[in-house]
A.B. asks: 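Okay, handing you the structure first.
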There are 2 protein chains.
Amino acid sequence: MSLPLSYKLILMAKAKTKKIVVEETSTEEKIKEAAKKLFTRKGFAATRTRDIAEEAGINLALLNYYFRSKQKLFDIIMLENFKQFIQGITVKVYDETATIEEKIEKIATAYIDFLTLHPDLPLFILNELRGNPSDIAEKINEEVAPMRLHLMKQLQNASNAGKIPAIDPFHFVANVIGLTVFPFVAKPILQRVTSVGDDRFQTLMQERKKLVPLWIKAMLAVK
Amino acid sequence: MSLPLSYKLILMAKAKTKKIVVEETSTEEKIKEAAKKLFTRKGFAATRTRDIAEEAGINLALLNYYFRSKQKLFDIIMLENFKQFIQGITVKVYDETATIEEKIEKIATAYIDFLTLHPDLPLFILNELRGNPSDIAEKINEEVAPMRLHLMKQLQNASNAGKIPAIDPFHFVANVIGLTVFPFVAKPILQRVTSVGDDRFQTLMQERKKLVPLWIKAMLAVK
DNA sequence: GTCTATATTCTGATAGAC
DNA sequence: GTCTATCAGAATATAGAC
């Protein structure tokens, strides 16, 4: 039974305080795992609580016993997913010792590795973020705000120092994230259009870890 | 009451055979318009037939009278949306007189204009395409197959002639479409991260009509 | 073709036994 | 904590009058 690392760590931490051996996954965790799997794959509206219960190997009533409602369970998963999604990028952005170009390489590599493991995540986030305007938007803002300031400042500094030409931060972010994330978001349609199978897709994504930074560098030299 | 151009043309064609004056939108068209609006914005599962009926200004029973079921109505909208989405690109790709670089510019411009008018379309397609594996996949293949051959051939020729370096068609397509479409797909999150309002977003998208072709050209020179 | 009223199915949530 | 059984409401679809 494979678990997200974060869960395992929590379990181990709990276990440490009582026993030495890591115990079986708790019912609550099993439900969360099942919910994350289905919500992430099919979205809120298309996922039925019955399916989550079945996937978790427990009864429907138990789901409500632990989480009170479908919406509350979803909110938890949504927030976890979003944090997980930007967590990969956060550490890299804050690295004071890295230049912009080094950061791009680290971010692209980390993200492609991450998305290879969680290919459904970005589409889920883009999707569920569109319907809920101000619901969880605030929490997201809190997570993102300091990162924005940091990145803007570094871009401005690099531009002032003449290291890179002035580029609008929006274009910069859209391009880095777009080149990295889009192939995963559009995977089904891209594979169809280009006749690329699953194995070849994986290989191409590995290639992009090297290519995206080179491409971005070349783009920064434009105009 | 603003109608999609295609509808207007159909109506005008019909009208030509009988009367001179273009008549009011038919009930069937009104339902389809309402369905397209809601399905595209919220997806299949989150859209209720009641809402479609209300949006169309008719009764719920009438929806089933015309389309028999929610699923059948959705399938029609889905196919129309998809055709509309790739239709913009199709003409440009087949233009025998244009070089690869000219095509990129035409495609980027046409797509950004199109997406400005229909910002919800790409996310809708990416989304609903993920759940339905082989359902409408075949019809999509039929639409896309000849375009794939044409594009691959031109890329190969340009590469052989030494005009551009060899690049995997997958990377090429992913990059062009990614740089063009991704900002619209990720609009809410990108706006949040970069503190960009709606007006500024529109301006930036207009900028990209010029920038994307330049960027792609610069990327093609890499390595 | 269009409506009102109703049937039918689905789904989230709860009551209550164990 | 976990289960079975069931309720209440929602959502799709149909019957039948006009």
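Residue numbering restarts at 1 for every chain, and letters A, B, ... go by the order of the sequence lines.
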A.B. asks: How about E105(A): does its CD atom have over 12 heavy atoms from other parts shown lying under 6.0 Å from it?
C.D. replies: no

A.B. asks: Which pairs of donor and acceptor atoms, one on a side chain in residues 57-67 of chain B, lie under 3.5 Å apart (sequence neighbours left out)?
C.D. replies:
unit_1	atom_1	unit_2	atom_2	d
N59(B)	OD1	A61(B)	N	2.8
N64(B)	ND2	R68(B)	O	3.3

A.B. asks: Please name the pair of heavy atoms, one in T180(B) and one in A108(B), separated by the smallest distance, quoted to 0.1 Å.
C.D. replies: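 Looks like CG2-O, 4.1 Å.
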
A.B. asks: Just say parallel, tilted or perpendicular for the rings of F39(A) and F44(A), cut-offs at 30° and 60°.
C.D. replies: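 Parallel: the ring planes of F39(A) and F44(A) meet at under 30°.
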
A.B. asks: List in numerical order all residues of residues 51-62 of chain B for which some heavy atom is under 4.0 Å away from an atom belonging to DNA chain D.
C.D. replies: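 Heavy-atom contacts with DNA chain D come from L60(B), A61(B).
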
A.B. asks: Contact class for R50(A) vs. all strands (heavy atom < 4.0 Å): base, sugar-phosphate, or nothing?
C.D. replies: base

A.B. asks: Reckon Y65(A) touches a base, only the sugar-phosphate, or nothing at all at heavy-atom distances under 4.0 Å?
C.D. replies: base

A.B. asks: Hey, is CD on E207(B) packed in by over 12 heavy atoms from elsewhere, all under 6.0 Å?
C.D. replies: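 More than 12 heavy atoms, drawn from other residues, nucleotides or ligands, come within 6.0 Å of this atom.
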
A.B. asks: Send over the distance from N64(A) CG to dT4(D) P, rounded to a whole Å.
C.D. replies: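 After rounding, the reported distance stands at 15 Å.
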
A.B. asks: For residues K36(A) and N81(A), report the shortest heavy-atom separation together with the two atoms involved.
C.D. replies: CE-OD1, 3.3 Å

A.B. asks: Grab the two heavy atoms, one from G178(A) and one from P183(A), that are nearest each other, plus how far apart they are.
C.D. replies: O-CD, 3.8 Å

A.B. asks: So among K210(B), K209(B), Q202(B), which one has a side chain to side chain donor-acceptor pair (under 3.5 Å) with Q206(B)?
C.D. replies: K209(B)

A.B. asks: Between which nucleotides of DNA chain C, read 5' to 3', does contact with chain A run, using atoms under 4.0 Å from its heavy atoms?
C.D. replies: dT11(C) to dA15(C)

